[in-house]
Amino acid sequence: MRFHVMTLFPEMIGYVSKISIIGRAAENGAIEVLPVNIRDYSAEKHKKVDDYTYGGGAGMLMQAQPVYDCWKSICSLVGHKTRTVYLTPQARVFTQKDAMEFAGDEDIILLCGHYEGIDERVLEEIVTDYVSIGDYVLTGGELPALVLIDAISRMVPGVLSNSDSGEIESFSDGLLEYPQYTRPAVWHEKEVPPILLSGDHAKVEAWRYEKAVERTRQRRPELLEDK
Ligand code: ADE
């Protein structure tokens with residue numbers, strides 16, 4: 001899967017995509033992260049990409065022309081119309097279900113805004129999905145884009161080493177994950193729940209399910225409403 005990231009700060013994207021699980025996935029070819037600098041597409045001689053907003057008000061807005069030309073160039077590289085996600089707090093919140101759906105695409109374009117946003121007219125022409133990562137405002141779309149790259153990549157076959165782990169963890173069954181323990185068996189006078197040492201696989205599974213439900217009820221009760 002290829003992530004084409006339209007940004008004014010390509011260095012921010014490059015760094016994270018070289019380390020840990022995402023870095024390994026990029027190295028073995030399961031994913032590719034391709035930052036594209038929107039500024040390179042500015043038709044102005046000083047490579048300007050922003051201007052004042054019509055109607056007044058503080059702050060600058062990214063102009064339509066460089067954003068559109070950058071997007072056109074990526075689309076012609078891909079060879080067909082490509083899902084284009086604009087990261088913005090003015091949108092619904094991204095979920096695990098979206099991560100699974102987006103992971104089915106071979107190419108995805110992530111558009112990162114800066115300043116006060118982007119001229120609405122270009123958004124109308126190119127954006128297929130508006131996505132927020134939470135109800136708070138960040139200074140730009142780069143961190144949200146990295147959040148999407150991480151969440152989507154781990155749903156791409158071959159990215160996680162144990163092919164099961166994507167299924168078991170929080171949210172894919174609508175529950176938070178059960179508590180887990182590793183050695184030593186006693187730490188700060190706290191024992192690991194004895195059932196986990198019993199070797200009885202069925203009992204361990206039943207205990208984990210029960211704890212997952214309990215944790216979900218305590219921490220995110222609204223997730224149980226649909227169940
Ligand atoms: N850009 C700024 N804040 C954001 C958020 N919360 N989600 C997605 N994109 C953003």
Side-chain angles (χ1 to χ4, degrees), residues 1-17 19-22 31 33-42 48-71 74-75 82-105 107-156 170-172 176 219-220 222-223:
M1 179 172 190
R2 291 192 294 183
F3 296 90
H4 308 265
V5 187
M6 295 174 58
T7 171
L8 292 174
F9 300 97
E11 326 82 282
M12 257 179 105
I13 305 298
Y15 180 66
V16 172
S17 59
I19 51 180
S20 188
I21 296 175
I22 301 307
I31 62 156
V33 181
L34 304 162
V36 188
N37 194 340
I38 297 170
R39 195 176 297 280
D40 291 345
Y41 293 84
S42 169
K48 195 166 80 81
V49 291
D50 61 322
D51 212 328
Y52 297 101
T53 49
Y54 280 117
M60 306 287 270
L61 214 58
M62 280 168 74
Q63 293 170 289
Q65 177 274 318
V67 173
Y68 187 70
D69 289 355
C70 179
W71 178 80
I74 296 167
C75 286
T82 309
R83 186 195 293 276
T84 303
V85 180
Y86 177 43
L87 290 314
T88 170
Q90 275 80 49
R92 65 185 179 77
V93 175
F94 182 72
T95 64
Q96 188 64 36
K97 195 162 153 269
D98 296 313
M100 288 194 268
E101 187 194 324
F102 293 179
D105 289 4
D107 287 272
I108 188 168
I109 299 173
L110 303 175
L111 170 58
C112 307
H114 252 272
Y115 313 116
E116 291 303 303
I118 303 180
D119 190 306
E120 191 67 22
R121 294 166 296 182
V122 68
L123 299 177
E124 285 168 11
E125 288 202 18
I126 71 173
V127 174
T128 56
D129 301 81
Y130 291 84
V131 167
S132 166
I133 63 157
D135 292 334
Y136 39 80
V137 181
L138 301 167
T139 55
E142 284 74 15
L143 291 173
L146 290 168
V147 167
L148 262 68
I149 291 171
D150 194 295
I152 296 166
S153 292
R154 56 193 291 295
M155 295 292 112
V156 171
S170 289
F171 289 117
S172 42
L176 302 188
R219 298 186 186 176
R220 296 289 305 278
E222 76 280 10
L223 293 178

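If you read the sequence from its start, that first residue is 1, and numbering goes on from there. Counting starts at 1 for both ligands and their atoms, in listed order.
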Angle class for the Tyr130/Tyr86 ring planes (parallel below 30°, perpendicular above 60°, tilted otherwise)?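 Answer is perpendicular, since the angle exceeds 60°.
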Counting only heavy atoms and a distance below 4.0 Å, can you name the residues contacting ligand 1? Leu87, Thr88, Pro89, Val131, Ser132, Ile133, Gly134, Tyr136, Val137, Leu138, Gly140, Pro144
Given Pro89, Ser132, Pro144, the one that forms side-chain contact (heavy atoms from CB on, under 4.5 Å) with Leu138: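 The side-chain contact (heavy atoms from CB on, under 4.5 Å) with Leu138 is passed solely by Pro144 among Pro89, Ser132, Pro144.
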Can you list the steps and then say if Phe94 with Leu87 is a side chain to side chain contact (heavy atoms under 4.5 Å, CB included)? CA-CA 10 Å; Phe94 182 72; Leu87 290 314; over 6 Å; no
Mind checking salt bridge (charged side-chain N to carboxylate O under 4.0 Å, His left out) for Lys97 and listing every partner two or more places apart, or none if nothing turns up?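 Salt bridge (charged side-chain N to carboxylate O under 4.0 Å, His left out) list for Lys97, sorted by chain: empty.
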Enclosure of Arg121 CZ (heavy-atom neighbours >12, cutoff 6.0 Å): no
Would a distance-only check, ignoring hydrogens and angles, find a side-chain to backbone donor-acceptor pair under 3.5 Å from Thr128 to Thr84?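 Yes, the answer is positive, given that a donor and an acceptor are paired below the 3.5 Å cut-off.
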